[in-house]
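Below, all heavy atoms of this structure are taken into account, side chains as well, without hydrogens, waters or symmetry copies. Residue numbers count from 1 along this sequence.
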Amino acid sequence: MKLFGFAAGVAATLTLLSTTSAFAVTQISWWHAMTGANAEVVDKIAKDFNASQSDYEILPVFKGTYPETLNAGIAAFRAGQAPDIIQVFDVGTGVMMAAEGAIKPVADVLTSAGMTFDKSQYLPGIVGYYSKPDGTMLSFPYNSSSPILYYNKDIFQKAGLDVNNPPKTWNEVWEAAKKIKASGAASCGYTSTWLTWIHLEAFAAWNDVSYGTNQNGLAGTDVELKINAPIFVNHFQALADLAKDGTFKYGGRTSEAKQIFLAGECGIFTESSGGLGDIVKSGMNYGIGQLPYDTDAKGAPQNTTPGGASLWVFGNKSDEEYKGVAAFFSYLSKTEVQEYLHQKSGYLPVTLAAYEATKKSGFYDKNPGRETPILQMLGKAPTENSKGVRLINLPQVRDIENEEFEKMLAGQQTAQQALDNAVARGNKAIQEAIGN
């Protein structure tokens with residue numbers, strides 16, 4: 001099994017260096033990937049936890065983008081200097097699950113500290129994704145998200161579009177984007193972060209079509225990609241066609257396109273619900289709509305799957321450090337903390353109590369659209385196509401997909417060629433990763 005050299009390291013018996021603080025307070029290191037408004041939320045949560053008790057001190061450390069943070073954690077583990085807690089984006093779940101011995105399941109961390117873990121308190125779609133088939137929760141879902149549509153109301157008004165009626169289907173997005181561009185209301189009509197997540201993985205779930213075999217990898221590691229089916233090809237060809245005159249503007253592989261939208265260059269934007277904080281902070285006159293669906297998909301929309309990230313605990317730490325981690329996760333589960341995280345950042349509350357409390361407070365009535373990502377995830381019971389995507393080398397497969405998309409957007413190949421190449425290369429990488 002080849003996981004960027006990670007699984008080879010965790011397969012061997014390694015002892016992590018453990019540092020015991022000379023002070024009475026046990027320090028707990030937390031590596032994260034949050035920037036902007038979301039980094040401010042991290043710092044406040046850590047500060048408030050530290051002030052709430054005197055035994056433990058959470059030390060948040062920014063380690064770069066999601067992929068950079070995961071790579072930093074892998075390198076630190078191999079060097080025997082892993083942090084106590086690391087934030088890993090949903091794509092890295094398969095990588096971490098395969099690293100037995102490197103991590104300590106969150107359920108074990110909590111129960112060993114004498115705390116009762118009741119998974120029924122958490123949103124089922126979220127806790128299910130971060131758990132083993134037997135229900136054991138492996139990581140704590142700190143910042144779960146769902147992709148949604150944002151739009152600039154001022155640009156909509158200038159383009160003659162209905163500011164109270166955001167596009168609900170992808171065809172409506174394409175038409176609205178063309179109108180924005182043609183009217184001169186903005187230099188581009190539409191942009192998006194995370195093409196691999198929003199336009200492949202979430203697209204598959206929301207439209208109830210298969211991303212790959214074996215329930216998209218949740219039922220087994222031997223997966224064949226199905227992303228060159230006609231529904232994907234037609235969708236990406238539409239993006240490629242819109243990119244020719246700048247109606248669609250590509251920002252980058254992760255969240256770079258957010259700056260394009262914040263700058264007012266594009267009128268429509270698909271992004272994580274967790275991107276809300278920076279949009280609010282910008283002062284933009286914005287609106288929120290559900291993730292668009294494909295009109296050719298029967299039964300769409302279905303349900304979205306958890307994006308964002310979760311908190312993983314490294315193995316071979318001291319009992320006192322694990323007690324501190326458990327205390328912090330217990331604090332994060334508090335209703336008032338989850339309400340703050342949800343309302344401030346746009347990420348989903350991970351507990352049902354926090355969701356109900358937010359609803360009861362009238363927050364959603366005062367802030368239209370803010371319940372949208374939760375309703376998307378909970379609206380229908382998941383099918384085999386909509387439980388999520390879990391590959392043991394999904395970050396590598398995403399890189400392959402992005403390479404092919406960038407060639408397509410540069411006019412070097414069609415959508416059919418891009419997705420055929422992504423399937424062939426991705427399948428080969430998956431087989432190599434599982435040792436076949």
Side-chain angles (χ1 to χ4, degrees), residues 89-91 93 123-126 128-129 144-151 166-177 190-213 215-218 225-239 248 257 268-276 287-308 346-348 369-391 394 397-398 401 405 415 419 422:
F89 61 155
D90 58 313
V91 188
T93 300
L123 294 182
I126 295 174
Y129 184 78
S144 289
S145 64
S146 182
I148 55 177
L149 181 143
Y150 300 91
Y151 63 104
K168 296 178 178 61
T169 69
W170 284 114
N171 285 337
E172 290 176 359
V173 171
W174 310 150
E175 292 307 312
Y190 168 63
T191 189
S192 179
T193 60
W194 299 98
L195 295 192
T196 50
W197 174 43
I198 296 174
H199 294 268
L200 280 181
E201 297 155 25
F203 180 91
W206 195 227
N207 292 294
D208 196 16
V209 294
S210 175
Y211 174 93
T213 59
Q215 295 183 30
N216 303 331
L218 270 73
L225 301 176
K226 298 295 183 183
I227 56 174
N228 58 347
I231 192 170
F232 294 101
V233 173
N234 293 338
H235 181 76
F236 275 90
Q237 191 57 56
L239 279 176
F248 168 73
I268 307 171
F269 178 50
T270 45
E271 154 73 324
S272 163
S273 59
L276 179 72
I288 291 175
Q290 68 175 24
L291 181 67
Y293 63 92
D294 194 304
T295 50
D296 292 334
K298 295 180 181 179
Q302 172 56 41
N303 67 278
T304 55
T305 57
Y347 286 112
L348 277 63
R370 293 293 299 274
E371 193 177 11
T372 296
I374 304 172
L375 297 176
Q376 286 183 172
M377 191 173 294
L378 301 181
K380 292 182 181 178
T383 68
E384 290 190 356
N385 295 325
S386 66
K387 294 177 182 177
V389 174
R390 186 184 292 158
L391 306 179
L394 189 50
V397 171
R398 274 193 175 183
E401 293 165 345
F405 292 155
L419 290 165

Could you work out, with ring pair (Phe, Tyr, Trp, His ring centres under 6.0 Å) as the rule, every residue matching Tyr347, not counting sequence neighbours? none
Could you list the donor-acceptor pairs under 3.5 angstrom formed by side chains in residues 371-382, with sequence neighbours left out?
from: Glu371; atom 1: OE2; to: Tyr355; atom 2: OH; distance (Å): 2.5
from: Glu371; atom 1: OE2; to: Lys359; atom 2: NZ; distance (Å): 3.4
from: Thr372; atom 1: OG1; to: Gly369; atom 2: O; distance (Å): 3.0
from: Gln376; atom 1: OE1; to: Leu291; atom 2: N; distance (Å): 2.6
from: Gln376; atom 1: NE2; to: Ser146; atom 2: OG; distance (Å): 2.9
from: Gln376; atom 1: NE2; to: Pro147; atom 2: O; distance (Å): 3.1
from: Lys380; atom 1: NZ; to: Gly299; atom 2: O; distance (Å): 2.9
from: Lys380; atom 1: NZ; to: Pro301; atom 2: O; distance (Å): 2.8

Listed partners of Phe248 passing ring pair (Phe, Tyr, Trp, His ring centres under 6.0 Å), at least two apart: Tyr190
Distance from Thr304 atom OG1 to Ile148 atom CD1, nearest 0.5 Å? 10.0 Å
Heavy atoms only: give me the nearest Pro166-Tyr151 pair and the separation to one decimal. CB-CE2, 3.4 Å
Under the 3.5 angstrom rule, does the side chain of Asn385 hit a backbone N or O of Asp208 as a donor-acceptor pair? yes
Please identify each residue that fulfils side-chain contact (heavy atoms from CB on, under 4.5 Å) with Asp296, with sequence neighbours left out. Asp294
Is there side-chain contact between Leu225 and Leu391, with at least one heavy-atom pair below 4.5 Å? yes
Of all heavy-atom pairs linking Thr270 and Pro292, the shortest is CG2-CD, 4.3 Å
Taking the side chain as every heavy atom from C-beta outward, state whether Thr193 and Phe269 have any pair of such atoms under 4.5 Å apart. yes
Would you find a donor on one side and an acceptor on the other, under 3.5 Å apart, between the side chain of Tyr150 and the backbone of Ser272? yes
Partners of Thr169 by side-chain contact (heavy atoms from CB on, under 4.5 Å), sequence neighbours excluded? Asn171, Glu172, Tyr293, Thr295
Can you measure from CD1 (Ile268) to CH2 (Trp174) and round to the nearest 0.5 angstrom? 9.5 Å
Applying side-chain hydrogen bond (donor to acceptor under 3.5 Å, both in side chains) to Lys226 and not counting sequence neighbours gives none
The side-chain hydrogen bond (donor to acceptor under 3.5 Å, both in side chains) partners of Gln215 (sequence neighbours excluded) come to Lys387
Report all side-chain donor-acceptor pairs from residues 227-239 shorter than 3.5 Å, counting only partners two or more places apart or in another chain.
from: Asn228; atom 1: ND2; to: Asp420; atom 2: OD1; distance (Å): 3.0
from: Asn234; atom 1: ND2; to: Pro230; atom 2: O; distance (Å): 3.3
from: His235; atom 1: NE2; to: His199; atom 2: ND1; distance (Å): 2.7
from: Gln237; atom 1: OE1; to: Ala415; atom 2: N; distance (Å): 3.0
from: Gln237; atom 1: NE2; to: Asp241; atom 2: OD1; distance (Å): 3.0

Can you measure from CH2 (Trp197) to OG (Ser145) and round to the nearest 0.5 angstrom? 3.5 Å
Would you please name every residue forming a ring pair (Phe, Tyr, Trp, His ring centres under 6.0 Å) with Tyr129, sequence neighbours left out? none
Is any side-chain heavy atom of Phe405 closer than 4.5 Å to one of Leu419? yes
Drop me the distance from Thr305's OG1 to Leu218's CG, to the nearest 0.5 angstrom. 9.5 Å
Under the salt bridge (charged side-chain N to carboxylate O under 4.0 Å, His left out) test, which residues partner Glu271, sequence neighbours left out? Lys258
Point-to-point distance, once rounded to the nearest 0.5 Å, from CD1 of Ile198 to CH2 of Trp206: 13.0 Å
Heavy-atom closest pair (Ala257 atom, Thr191 atom, distance to 0.1 Å) is CB-OG1, 3.4 Å
Over all atoms of both residues, closest heavy-atom pair of Ser386 and Asn303: OG-OD1, 2.5 Å
Show every salt bridge (Lys or Arg N to Asp or Glu O under 4.0 Å) that has at least one partner inside residues 194-203, sequence neighbours left out. Glu201-Arg398
Under the rule for ring pair (Phe, Tyr, Trp, His ring centres under 6.0 Å), what residues qualify as partners of Phe89, not counting sequence neighbours? Tyr66
